[in-house]
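First the proteins, then the strands, lettered A, B, ... as listed; each starts at 1. In this text, all values refer to a predicted model and were calculated from it rather than measured experimentally.
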Amino acid sequence: MKPKSIFYSVMVLLLFVAACNNKTEKTGSKRIAVVVSTLNNPWFVFLAETAAAKARALGYEARIFDSQNNTALESDHFENIIVAGFDAILFNSTDADGSVANVQKAKDAGIPVFCMDREINSLNAATSQILSDSYSGAVSIGKYFTQELNKKGAYVELLGLVGDNNTWARSKGFHSVVDQYKGLKMVAQQSADFDRNKAMEVMESILQAHPNIDGVFCGNDAMAMGAYQALVNAGKADKVKVFGFDGAEDAIVSIGENKVAATGMQFPKVMAETAAAYADEYIKGRRDFPQKVPVAVELVTSRNIKDYIAYGKK
Amino acid sequence: MIAQLKIGSDTLKRFQSLIALLILCTILSFMTDKFFTADNGLNVLRQIAVNICIATGMTLIVLTAGIDLSVGSVLALCGAVTVGLLRNGVEIPAGDLFVGFTLLGAILGGLLCGWLLGWFNGFAITKFNVPPFVATLAMLTIARGFTMLYTKGHPISNLGKEFAFIGSGSFLGIPVPVWIAAIVVLLAVFITQKTKMGRYIYAIGGNEQAAKLSGININRVKITVYSFAGALAALGGIIVTARLDSAQPNAGMSYELDAIAAVVIGGTSLSGGKGSVWGTVMGAVIIGVLNNGLVLLNVSPFWQQVVKGGVILLAVIIDKAGERRD
């Protein structure tokens with residue numbers, strides 16, 4: 001009975017794997033790996049899928065690896081990719097310092113790595129880094145924020161994951177502007193882990209302590225949507241201005257409906273497609289790539305919303 | 001005689017969690033005048049409603065000496081399935097059939113989805129002797145994967161006023177999620193204290209071998225308990241989705257830990273057989289009050305995690321000390 005059931009389990013598993021595996025691993029064409037920090041956030045799903053789609057459009061086989069925000073798992077992916085002999089890696093790192101060793105490993109094995117969106121702290125490990133400028137983006141949001149609040153009032157900041165460097169790049173960029181105005185007072189600074197539900201709950205509690213606030217700055221759009229929901233439930237949505245970051249679909253729609261004041265549009269499509277195009281050129285022989293390609297973050301408000309769609313420009 | 005003793009120690013435990021809660025509330029009331037208000041009370045209750053639904057199911061499972069790590073993922077999948085049914089219905093390619101769903105139909109569909117996932121957990125545990133920790137750990141990953149497949153990694157938003165009412169509406173001044181949680185608790189209390197099923201659950205957790213010998217169909221009881229917990233996780237998913245007006249693919253991450261914490265703080269023994277649903281409610285309230293209080297006091301996010309862990313540990317230590325005296 002026992003060996004029989006094991007046999008059946010293995011057969012079922014093999015069937016499933018075979019079904020999943022149709023028409024990849026074709027011999028002949030070159031392969032590009034897309035390693036992404038997480039697929040639990042629509043923004044990164046979009047980044048990874050766009051990169052893979054562009055690579056396929058250029059005639060490569062593309063596979064997506066999900067690091068699940070875990071640098072150790074990312075390291076496993078790199079080892080597998082090296083062993084499997086991929087020709088290039090389009091890479092979104094889990095950690096600016098922790099990921100350097102992984103990239104170096106690939107470089108040593110002769111596989112070029114192109115970083116997307118998130119920087120790694122090394123000047124020569126990656127072939128090129130196409131990066132979103134979170135700090136400057138947050139500076140422009142900070143400027144618009146002070147303007148919208150007439151340089152005075154009480155506000156709340158919702159931080160992302162406190163162990164993530166994007167969280168702090170955005171927070172610091174924002175405060176570099178806003179802290180210059182004495183009239184603007186931050187009454188609460190709390191983390192909501194980039195999560196919509198957590199942001200709503202944290203905001204509900206903050207509203208108990210500080211019922212009269214004028215603005216909320218959130219480290220990403222998911223949190224901005226959560227904070228907005230809490231304000232709606234408290235009947236304060238029209239008194240408090242909400243600011244996000246990312247340019248995600250829900251936020252773009254909400255800015256159009258005057259629910260959210262502004263967001264910082266990042267351009268995952270531009271970054272992903274540039275990285276894929278670079279990988280293609282590398283494979284065809286080009287070697288002189290710029291070490292860093294900054295992709296500006298643009299301020300999206302009700303005034304220019306008609307020029308934008310989710311994750312990019314119209 | 002034995003039954004009487006058990007109820008006695010249960011009451012004592014409930015009492016202890018209550019004392020811990022009162023101490024916590026008193027301290028918070030002194031530290032901020034925003035804490036002890038009717039508004040904030042409702043706020044806390046609304047926030048813990050989801051955890052109470054999940055933790056109630058978890059309590060029944062823990063009473064049988066099991067555990068369910070999959071509740072967070074099941075919550076996410078069933079929340080997404082519910083709004084998927086509501087918005088898009090089901091298309092059956094064979095025969096070009098399209099089935100649309102009313103609000104109630106979609107909710108029942110979501111609950112059924114949770115029940116089936118829970119049933120599968122129970123089936124793997126009883127029929128194939130997979131340890132509950134492993135079976136539900138597998139389901140944690142599987143259900144999360146299906147959530148990603150179903151939503152393609154993107155949130156499903158703008159679900160309409162009727163559906164949002166489940167999350168943000170009120171009835172007689174009390175938020176709807178709180179009503180739902182209250183009904184769930186009363187149902188579970190009824191099951192554990194007044195029905196044969198309840199006695200079987202305690203018996204299995206107390207001594208599975210003895211329960212088996214006394215003629216209880218252990219597999220059936222366990223499968224029912226896991227299915228029930230799955231349906232309650234689905235209910236939690238529907239509330240979360242309605243509150244946010246959006247089904248998030250990453251909803252419910254690490255909710256299993258909050259639910260287990262509520263069960264443990266509430267004095268239910270992880271080795272089964274001892275504990276109560278009321279204790280779990282107290283545990284969930286303590287966690288909710290703590291989350292709320294730390295934000296009201298604007299405690300740094302770094303310290304919040306340390307404080308939360310410390311309080312969980314302290315609550316259990318006090319509980320164990322009481323048990324020894326007992």
Atom NZ of B/Lys308 with >12 non-hydrogen neighbours under 6.0 angstrom = yes
Under 4.5 Å from any heavy atom of chain A - which part of B/Val299 | backbone
Checking B/Leu297 against chain A: side chain, backbone, both or neither under 4.5 Å from a heavy atom?
-> neither
Checking heavy atoms, do the side chain of B/Gln248, its backbone, both or neither come under 4.5 Å from chain A?
-> side chain
B/Phe120 atom CZ, neighbour heavy-atom count above 12 within 6.0 Å = no
Rounded to the nearest 0.5 Å, the OG atom of A/Ser191 sits from the CD atom of B/Gln304 at a distance of 8.0 Å
Rounded distance (nearest 0.5 Å) linking atom OG of B/Ser300 with atom CD of A/Gln189 | 8.5 Å
Based on non-hydrogen pairs under 4.5 Å, which of B/Pro249, B/Pro155, B/Gly252 is most in contact with chain A?
-> B/Pro155
With a 4.5 angstrom heavy-atom cut-off, could you sort out which part of A/Asp250 is near chain B: side chain, backbone, both or neither?
-> side chain
Distance col, row A/Tyr228:OH vs B/Leu244:CG, nearest 0.5 angstrom, shows 14.0 Å
Using non-hydrogen atoms only, which part of A/Ile206 is less than 4.5 Å away from chain B: side chain, backbone, both, or neither?
-> both
Counting only heavy atoms closer than 4.5 Å, note whether A/Asp195 contacts chain B via side chain, backbone, both or neither.
-> side chain
Would you give the length of the straight line joining atom OG1 of A/Thr38 to atom CG of B/Asn250, rounded to the nearest 0.5 angstrom?
-> 8.0 Å
In this structure, OG of A/Ser205 is separated from CG of B/Asn43 (nearest 0.5 Å) by 5.0 Å
If you draw a 6.0 Å radius around NZ in B/Lys152, do more than 12 non-hydrogen atoms from other residues or ligands fall strictly inside?
-> no
For the residue pair B/Arg46 and A/Glu201, establish whether any side-chain heavy-atom pair is separated by less than 4.5 Å.
-> no
Side chain from CB out, backbone as N, CA, C, O: work out which of these in A/Val187 comes under 4.5 Å of a heavy atom of chain B, or both, or neither.
-> backbone
Where on B/Arg243 is there a heavy atom nearer than 4.5 Å to chain A: the side chain, the backbone, both, or neither?
-> both
Assess whether atom NZ of A/Lys198 is packed by more than 12 heavy atoms of other residues, nucleotides or ligands within 6.0 Å.
-> yes
Under 4.5 Å from any heavy atom of chain A - which part of B/Thr37 | side chain
Report yes or no: do A/Gln190 and B/Asn298 form a side-chain donor-acceptor pair below 3.5 Å?
-> yes
With a 4.5 Å cut-off on heavy-atom pairs, point out which of A/Met200, A/Gln229, A/Arg196 contacts chain B the most.
-> A/Arg196
Is it true that the side chains of A/Asn197 and B/Tyr255 contain a donor and an acceptor less than 3.5 Å apart?
-> yes
Aromatic rings B/Phe302 and A/Trp168: how do their planes relate, parallel, tilted or perpendicular, breaks at 30° and 60°?
-> parallel
To the nearest 0.5 angstrom, please state how far the CD atom of A/Gln208 sits from the NZ atom of B/Lys34.
-> 9.5 Å
Near B/Tyr150 OH, under 6.0 Å, is it more than 12 heavy atoms from other residues, nucleotides or ligands?
-> yes
